[in-house]
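So the structure is just underneath, and the comments pick up after that.
We name chains A, B, ... by the order of the sequence lines, and we start the count at 1 in each one.
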2 protein chains.
Amino acid sequence: MSVSEPADLDFWSFVALANERLAGEYGFRHQLATEVLLTLNRASDLVTYDLEAAVHRPRGRSWSAFRLLFVVWLAGPLEPSGAARLTGMSRAAVSNLAKGLVAEGLLARTPDERDGRSVRLSLTGAGHAEMVDVFREHNEREAGWTAVLTEAEQRILVMLLDKLIIGHREFEARNRR
Amino acid sequence: MSVSEPADLDFWSFVALANERLAGEYGFRHQLATEVLLTLNRASDLVTYDLEAAVHRPRGRSWSAFRLLFVVWLAGPLEPSGAARLTGMSRAAVSNLAKGLVAEGLLARTPDERDGRSVRLSLTGAGHAEMVDVFREHNEREAGWTAVLTEAEQRILVMLLDKLIIGHREFEARNRR
DNA sequence: TCGAACTAGTCAATATCTGAACTAGTTTCC
DNA sequence: GGAAACTAGTTCAGATATTGACTAGTTCGA
């Protein structure tokens, strides 16, 4: 049997509840760690979902497709494996996505001159035009998200997140292949 | 033609490159916003992937299944729609996941007494035991991630992320249903 | 009180991601 | 010079997500 929980329990109430029960009833020691990572994932999910729904889906583009085009746009002609590393996707995902984007005429796949196994992805004229155009809207919406923080707060946030990312190496974390 | 880019361009070099080109060549105004959100997503992806690979997959559990069990564990018997709200998944995803977890005997689905349309998800004895056990390992690994930050830094990080999450309401962002 | 509008959950179709197997080209080193 | 080990990319099967349609129960108002 349970107390009738509020049907409208929201994210913060849940975090508070989790903190309380994990420490109080079960004696887990690292409540703050749980809170940090729950909040991190939540923030990331919300931002990603919003940008995808507001900017990219209406143009018929998936979030992943945008990320791939984004890194190819800025990091120049790029091997699929490099694109996978920068986006954090698997090589298989890049391969599948690229197939569609090549068919749509946004991406070009040219064989590497030096290494016959390899391939370079680059933007076509149409791909470049689309990125410049779509990023205008993307960037405005990003700014909408971060505007609630001062510039100093934004820099601190980046610094703390960077620390977290770097720290994982010492912690022998697993990486995507 | 392009300068031969370093084949081992890493995440930070990419962020630096993106900043430079977006502002310099294209004149986009909100570089810092882009940097904040790129870093946020990256950190979240790395942490999630690591916890899934190190703690949950070896036990045959997906990240989503863990999240669902986690909210049901702590927020008590819960309707699928409430679980969807807390985890950030769609109702359909909760429904599918729950089907499997009920079949495995970790989750119980009982009809709601008041509302004939509704259902309440709760942990079975086995489900509860598994959560207590698996969370021990999960929490240790979470602590490994956050240990690179001082307690004060962790609190600041949570505060900044909370601000970001709250801010989105004023920005009329879209939410998951 | 009865029908219209609404809400909860599930199902079906589609999309995408992952890991593993596979193909093909390159490097190593005896 | 050539076989073995390695590496890049693709393909395939399986898992899991999303949206939208659908079923069933509830609520509200004429």
TODO: Could you walk me through whether A/Arg117 and A/Asp115 pass salt bridge (charged side-chain N to carboxylate O under 4.0 Å, His left out), step by step?
DONE: CA-CA 5 Å; A/Arg117 295 166 301 183; A/Asp115 190 333; 2.7 Å; yes
Task: Check against side chain to side chain donor-acceptor pair (under 3.5 Å), A/Asp45 and A/Thr48 - done: CA-CA 5 Å; A/Asp45 284 352; A/Thr48 300; 5.8 Å; no
- [ ] In sequence, state the C-alpha distance, the side-chain angles, and the governing distance for B/Arg61 and B/Glu104, and then conclude on side chain to side chain contact (heavy atoms under 4.5 Å, CB included).
- [x] CA-CA 11 Å; B/Arg61 205 62 67 204; B/Glu104 283 189 80; 3.0 Å; yes
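Taking the side-chain contact (heavy atoms from CB on, under 4.5 Å) definition, one finds that A/Thr34 meets it with A/Leu22, A/Leu38, B/Phe70, B/Phe135, B/Asn139, B/Glu142, sequence neighbours left out.
Of the two residues contacting DNA chain C, namely A/Leu97 and B/Pro80, the nearest-nucleotide position lying further toward the 5' end is that of B/Pro80. Comparing A/Arg67 and A/Asp115 along DNA chain C, the residue whose closest nucleotide (by nearest heavy atom) sits nearer the 5' end is A/Arg67.
Put simply, B/Arg85 has no side-chain N or O that comes within less than 4.0 Å of OP1 or OP2 on C/dA8. Taking side-chain N and O atoms only, A/Arg109 has a distance below 4.0 Å to OP1 or OP2 of D/dT10. Distances shorter than 4.0 Å separate none of the side-chain N or O atoms of B/Ser118 from OP1 or OP2 on C/dT7. When the side-chain nitrogen and oxygen atoms of A/Ser95 are compared with OP1 and OP2 of D/dG9, none of them lie within a distance under 4.0 Å. In terms of phosphate contacts, B/Lys99 brings no side-chain nitrogen or oxygen within less than 4.0 Å of OP1 or OP2 of C/dG9. Not one side-chain nitrogen or oxygen of A/Tyr49 sits closer than 4.0 Å to the OP1 or OP2 atom of D/dA17. Remark: A/Ser81 is in phosphate contact with D/dG9, judged by side-chain N or O atoms under 4.0 Å from OP1 or OP2.
One interatomic measurement links the two molecules: CD of A/Glu52 to C1' of D/dT18, which rounds to 9 Å at whole-angstrom precision. In this structure, CZ of A/Arg61 is placed 21 Å from P of D/dT18, rounded to the nearest angstrom. Rounding to whole angstrom units, CZ of residue B/Arg114 and P of D/dT27 are separated by 11 Å. Across the protein-nucleic acid pair, B/Arg91 atom CZ and D/dA21 atom C1' stand 12 Å apart, rounded to whole Å. Regarding B/Glu79, its CD atom lies at a distance of 13 Å from the P atom of D/dT26, rounded to whole Å. Rounded to an integer number of Å, the gap from CZ of A/Phe66 to P of C/dT16 is 16 Å. The distance between atom CG of B/Asn96 and atom C1' of C/dA13, rounded to the nearest whole Å, is 12 Å. The CD atom of A/Glu113 sits 13 Å away from the P atom of C/dT26 (whole-angstrom rounding).
Rounded to 10 degrees, the angle separating the terminal axes of the helix from C/dT1-D/dA30 to C/dC30-D/dG1 is 10°, with each axis obtained from five end pairs.
Between A/Arg136 and A/Glu140 no salt bridge is recorded (no basic side-chain N to carboxylate O distance below 4.0 Å).
More than 12 heavy atoms of other residues, nucleotides or ligands lie within 6.0 Å of CZ in A/Arg59, so this atom counts as buried by the packing criterion. With a 6.0 Å radius and a threshold of 12 heavy atoms from other residues, nucleotides or ligands, A/Glu113 has its CD atom at or below the threshold.
Rounding to the nearest 0.5 Å gives a distance of 13.0 Å between NE2 of B/His30 and CZ of A/Arg141.
In this structure, of D/dT11, C/dT16, C/dC11, it is D/dT11 that holds the atom nearest to the side chain of A/Ala92.
Between the side chain of B/Arg117 and the base of C/dT7 there is at least one donor-acceptor pair of N/O atoms closer than 3.5 Å.
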